[in-house]
There are 2 protein chains.
Amino acid sequence: MEHLELDIKMRILLSAKKLFARQGYDGTSVRQICEEANANIALVSYHFGGKEKVFEALFVNLFPHKDLLDIKDLLQDPVEGMRTMVHGVIKFTIADKELSDIVQQEIMLESNRMKVVLEFVNPMWSKVKQLLEKGKEEGVFHFTSLPQALLMVINLSLAHKKTCLIEKLFPNDELVPDILADQTVEFILRGLGAVKR
Amino acid sequence: MEHLELDIKMRILLSAKKLFARQGYDGTSVRQICEEANANIALVSYHFGGKEKVFEALFVNLFPHKDLLDIKDLLQDPVEGMRTMVHGVIKFTIADKELSDIVQQEIMLESNRMKVVLEFVNPMWSKVKQLLEKGKEEGVFHFTSLPQALLMVINLSLAHKKTCLIEKLFPNDELVPDILADQTVEFILRGLGAVKR
DNA sequence: GTCTATATAAAGATAGAC
DNA sequence: GTCTATCTTTATATAGAC
């Protein structure tokens, strides 16, 4: 029932993003999406070709492609490079919480839609992988298994905001985004053995 | 089509666990569960009272309640205590990958079923929280925000095995469970500033 | 306790009018 | 490009026979 100023295709995409994030892909119906978008049910098929295609279009149109990959010379200093990358990913998860929630849901489900998600997310992980390799070569990062180190960095970069997990344990608390990013980055760097304390 | 030797209630629960883990709660139908369990469709309603109740029963019956909480004197040495807890959680995620996958899916969805999941999972996080507090008091752990530190420890303990995330980046690799647990624990301890290098 | 048969609702998708 | 109306399938759940 929002963004009535936009054209229908975009309204459908934004509504799908909102509902997929809140209820998951399988928990969201095409009817719901169209209701939210103030669009007719038939338009999803007409404009996109079905629910699956809406999901794809969502990433094609709304994923912030280049932001993180345009940065040159990331590999010059692995520690600073890692700082930049992790900060960038966290910035994305805060800027578009819905899309980042969808990414994580699909990862956890290991659904068929992973193919689409990975297409957009892998370039970032590839950069992080390079940073880890370079850092290990130079002796600033210390870990046994590269794939597992990468997994830990990814998970910490993405899954920092699932506060529902602990809200019962911190009834009055709230997380401050600025502190969040810095603390996560420094945690990762220390975890990787890059001495910073 | 397995475990035909068990009684029907348990067969339904095990089939539900398997399918929820693979396809998610919303992506799994009662029909599918009964087919997998070699049971009649009507039996889910008769024995449990519906799909939601099957989910609940799954945790009530199959969640390893006490394993981690019986350990006494965990707080004597926060570093060793943390080592024990994280190892324990990782052991659980490996022992029952299906159940741990379900836990993570529901966390990411922030579904209505979180209430059930948290009931079983919170006691563990509560212990970890205590360890973090004690460790910070004693000056062995260093972090700014307790809730966020807790979140990072939880995430690393749970989400270490989503290898689908990076399998394109490591075509031939495989993760070794033993190394996994140790590397994760040490990563966490270093991340928390407990000097171990 | 287990089955068949069915009730009822909701899903995704499209034909055809406008 | 958008709508109404409808098709088909599938969902959860249950009544009632056995």
Side-chain angles (χ1 to χ4, degrees), chain A residues 1-61 102 105-106 109 111-113 115-116, chain B residues 1-61 102 105-106 109 111-113 115-116:
Chain A
M1 295 300 193
E2 298 169 39
H3 35 259
L4 285 167
E5 67 288 352
L6 298 169
D7 75 305
I8 289 225
K9 287 189 72 172
M10 186 54 73
R11 259 156 54 208
I12 290 175
L13 283 182
L14 290 175
S15 299
K17 179 155 72 79
K18 178 176 176 179
L19 292 171
F20 287 163
R22 285 195 187 170
Q23 314 173 336
Y25 178 86
D26 289 316
T28 303
S29 70
V30 174
R31 285 183 145 78
Q32 264 183 300
I33 294 171
C34 291
E35 208 169 308
E36 175 78 29
N38 227 289
N40 188 279
I41 322 171
L43 295 184
V44 159
S45 282
Y46 179 78
H47 284 297
F48 297 97
K51 190 181 176 186
E52 288 273 358
K53 299 294 178 60
V54 171
F55 185 89
E56 286 184 38
L58 210 130
F59 279 81
V60 172
N61 291 285
I102 294 171
Q105 286 170 21
E106 298 302 329
L109 268 174
S111 68
N112 302 326
R113 302 174 290 282
K115 210 185 116 286
V116 180
Chain B
M1 296 300 192
E2 299 169 38
H3 35 260
L4 284 167
E5 67 290 353
L6 298 167
D7 75 306
I8 289 225
K9 286 189 73 172
M10 187 54 72
R11 259 156 53 206
I12 290 175
L13 283 182
L14 291 176
S15 299
K17 180 155 71 78
K18 179 175 175 179
L19 291 171
F20 287 163
R22 286 195 188 170
Q23 313 173 336
Y25 178 86
D26 289 316
T28 303
S29 70
V30 175
R31 284 182 144 76
Q32 265 182 298
I33 294 172
C34 290
E35 207 169 310
E36 176 78 28
N38 227 289
N40 188 279
I41 322 170
L43 294 184
V44 160
S45 283
Y46 179 79
H47 283 296
F48 298 97
K51 189 181 173 184
E52 288 273 359
K53 299 295 178 60
V54 171
F55 185 88
E56 284 184 40
L58 208 130
F59 279 82
V60 172
N61 291 284
I102 294 171
Q105 286 170 21
E106 298 302 329
L109 267 175
S111 69
N112 303 326
R113 301 173 291 280
K115 209 184 116 289
V116 180

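Every chain is numbered from 1 and lettered A, B, ... according to where its sequence line falls, protein lines coming before strand lines.
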Can you check the R31(A) CZ to dT8(D) C1' distance for me, whole Å?
12 Å
Whole-Å gap separating P (dG12(C)) and CZ (F48(A))
15 Å
Out of dA13(D), dT14(C), dT2(D), which nucleotide sits closest to the side chain of S45(A)?
dT14(C)
Taking NZ from K53(A) and C1' from dG12(C), how many angstroms apart are they, rounded to a whole number?
14 Å
Evaluate whether atom CG of N112(B) has more than 12 neighbouring non-hydrogen atoms of other residues, nucleotides or ligands under 6.0 angstrom away.
no
Return the minimal non-hydrogen interatomic distance between A16(B) and L58(B), and the atom names on each side.
CB-CD1, 3.8 Å
Over all heavy atoms of both residues, which pair between L43(B) and I8(B) is shortest? Give the atoms and the distance, please.
CD1-CD1, 3.6 Å
Within the structure shown, what part of the strands sits under 4.0 Å from I41(B) by heavy-atom distance: base, sugar-phosphate, or nothing?
nothing
Among dA13(D), dG1(C), dC3(C), the one nearest any side-chain atom of Y46(B) is dG1(C)
Please give, in whole Å, the distance from dA11(D) P to D26(B) CG?
12 Å
When you measure from the centre of the six-membered ring of F20(B), is the NZ or CZ of K51(B) closer than 6.0 Å and no more than 45° off the axis?
no
Quick one: does K9(A)'s side chain get under 4.5 Å of F48(A)'s, heavy atoms only?
yes
Heavy atoms under 4.0 Å, any strand shown: does S29(B) hit a base, just sugar-phosphate, or nothing?
sugar-phosphate
In this structure, which one of Q32(B), Q23(B), E36(B) forms a side chain to side chain donor-acceptor pair (under 3.5 Å) with K18(B)?
E36(B)
Identify the pairs formed between an N or O of the protein and an N or O of nucleotides 15-18 of chain C at a distance under 3.5 Å, and give each distance.
none

Could you check how far CD of Q32(A) sits from P of dA10(C), rounded to whole Å?
11 Å
Whole-Å distance between dA13(D) C1' and N40(B) CG?
12 Å
d(CD, E52(B); C1', dA11(D)) in whole Å:
14 Å
Please determine whether side-chain contact (heavy atoms from CB on, under 4.5 Å) holds for the pair H47(A) and K53(A), giving the CA-CA distance in whole Å, both sets of side-chain angles, and the decisive distance to 0.1 Å.
CA-CA 9 Å; H47(A) 284 297; K53(A) 299 294 178 60; over 6 Å; no
Using whole Å, what does the distance between atom C1' of nucleotide dA10(C) and atom CD of E35(A) come to?
13 Å
